[in-house]
*Asks:* 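Just passing along the structure, written as structure tokens.
Throughout, protein chains are lettered first and strands after them, A, B, ... in sequence-line order, and every chain is numbered starting at 1.
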Amino acid sequence: MDVGIKDSMLAIVTTNKDRVSSSTVPVFYVEDSEEQEHLSLLISKITMGMVHDLGRGVYVIVKH
Amino acid sequence: MKDLWIIVTVSLTMGMLARVYMMRVDTRQYPTHPQGVISHLTLGLIASFLGSLALPSLAEKEFSAVTFLALAAQQFRDVRNLERQSLDKIEVTELVPRGTAYIEDIAKAFEARNYMVIITALISSIGAYVAMQFNQPIQYQVVTSIIVGIISMMALKQFLKRTLLKEIAEVKPAEITFQGPLLKVNDVIIMNVGLKRSREIFLKNGIAIEIIPKDPNANATLANVGQRQAIQHNAAIQLGIRKDLDEPDFTPIARRNPNNGNVVMAMIPMYSDVDTLVDVINNTPVLESAKRKTIISKPKEGAEV
């Protein structure tokens with residue numbers, strides 16, 4: 001049996017500080033979209049989560 | 001008593017042949033070989049023995065021997081359990097899981113095949129026994145047994161034949177597009193792909209299909225999540241998939257168009273070829289547990305949907 005947390009948001013990577021506030025999920029602020037892509041990729045590789053684009057500079061990493 | 005041994009031997013052979021006849025090791029790699037094949041053949045031999053002994057033991061008035069058949073039924077229920085457990089255990093090691101419905105279907109098939117062996121052996125022993133009662137020479141007994149055995153074997157195989165997806169639906173190549181981060185196949189949203197790099201790979205190497213059900217029954221069958229999981233799994237193992245554990249972006253997902261029940265799926269195979277994908281999907285079995293009969297449809301006599 002594979003036990004683990006599924007369908008939960010693991011991290012938020014954003015270029016837009018005003019749109020995100022979180023007390024539970026870690027938020028990573030980045031300078032530009034290039035850095036955002038890179039950081040999201042790194043986090044997704046570590047957590048085996050998937051990167052989703054919510055638009056307006058907000059990416060979330062979700063474990064499915 | 002000596003004559004009865006002939007019945008047992010011939011019907012045992014027929015039963016065993018029935019098992020071999022039903023043994024298909026194909027591109028889906030199931031049963032696993034060589035070990036899986038050997039264990040199933042051995043179980044087939046035991047089943048065949050049980051089937052061929054039933055009638056001779058009755059003829060010899062050994063009624064207690066027949067109770068062993070009950071034991072056999074228990075034994076073959078265990079075969080199903082065994083298969084289910086083993087497939088459940090390896091499920092976590094699959095990049096694209098089979099899904100519980102598919103596992104159950106495979107397990108059920110193996111159980112049913114053992115019963116088919118028992119029935120074949122039993123029927124061919126009845127054939128030989130009837131010939132013996134008519135005082136036919138041994139050659140005739142053997143020939144009758146073989147003929148009856150072959151007929152029952154073929155009839156059972158026909159009866160146990162799986163419906164394939166191409167019988168209930170039409171599979172067509174489809175187009176992958178992106179609307180912002182949303183991956184779409186023929187305008188049905190599949191998922192949100194955040195990384196630009198993944199989107200590029202999808203557009204460059206991705207292939208997609210649309211499955212169009214032929215009638216309301218097929219529509220309901222394709223709505224079954226287990227059936228769609230089986231489609232994804234078959235596509236992934238037979239085409240090879242460009243994905244590793246840490247790349248959930250490339251998991252093939254079969255999504256349903258809620259408006260008309262069509263199912264669409266996009267995937268990135270190792271060797272991109274949409275015709276092969278269509279072929280693989282066409283030959284995916286329709287799971288027994290997913291088959292539906294809706295109240296709207298009135299299928300013609302004998303039509304299997």
*Asks:* Should B/Glu247 and A/Met50 count as side-chain neighbours, where that means a heavy-atom distance under 4.5 Å?
*Replies:*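 No, too far: nothing below the 4.5 Å cut-off.
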*Asks:* Can you give me the closest heavy-atom contact between A/Gly49 and B/Pro248, atom names plus distance?
*Replies:* O-CG, 3.3 Å
*Asks:* Please check if the number of heavy atoms outside B/Lys108 that lie under 6.0 Å from its NZ is greater than 12.
*Replies:*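 Yes.
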*Asks:* Give, for atom OG of B/Ser198 and atom CG of A/Leu41, the distance between the pair rounded to the nearest 0.5 Å.
*Replies:* 7.5 Å
*Asks:* Check the surroundings of atom NE2 in A/His64: do more than 12 heavy atoms from other residues, nucleotides or ligands lie under 6.0 Å from it?
*Replies:*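 Yes, because the 6.0 Å sphere around NE2 of A/His64 holds more than 12 heavy atoms from other groups.
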*Asks:* Within residues 182-195 of chain B, which positions have a heavy-atom distance to chain A below 4.5 Å?
*Replies:*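 The stretch touches chain A at B/Met191, B/Asn192, B/Val193, B/Gly194, B/Leu195.
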*Asks:* Relative to chain B, which of A/Glu37, A/Met48, A/Gln36 shows the most heavy atom pairs under 4.5 Å?
*Replies:* A/Glu37
*Asks:* To the closest 0.5 Å, what do you measure between OG (A/Ser40) and NZ (B/Lys196)?
*Replies:*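 One gets 9.5 Å once the value is rounded to the nearest 0.5 Å.
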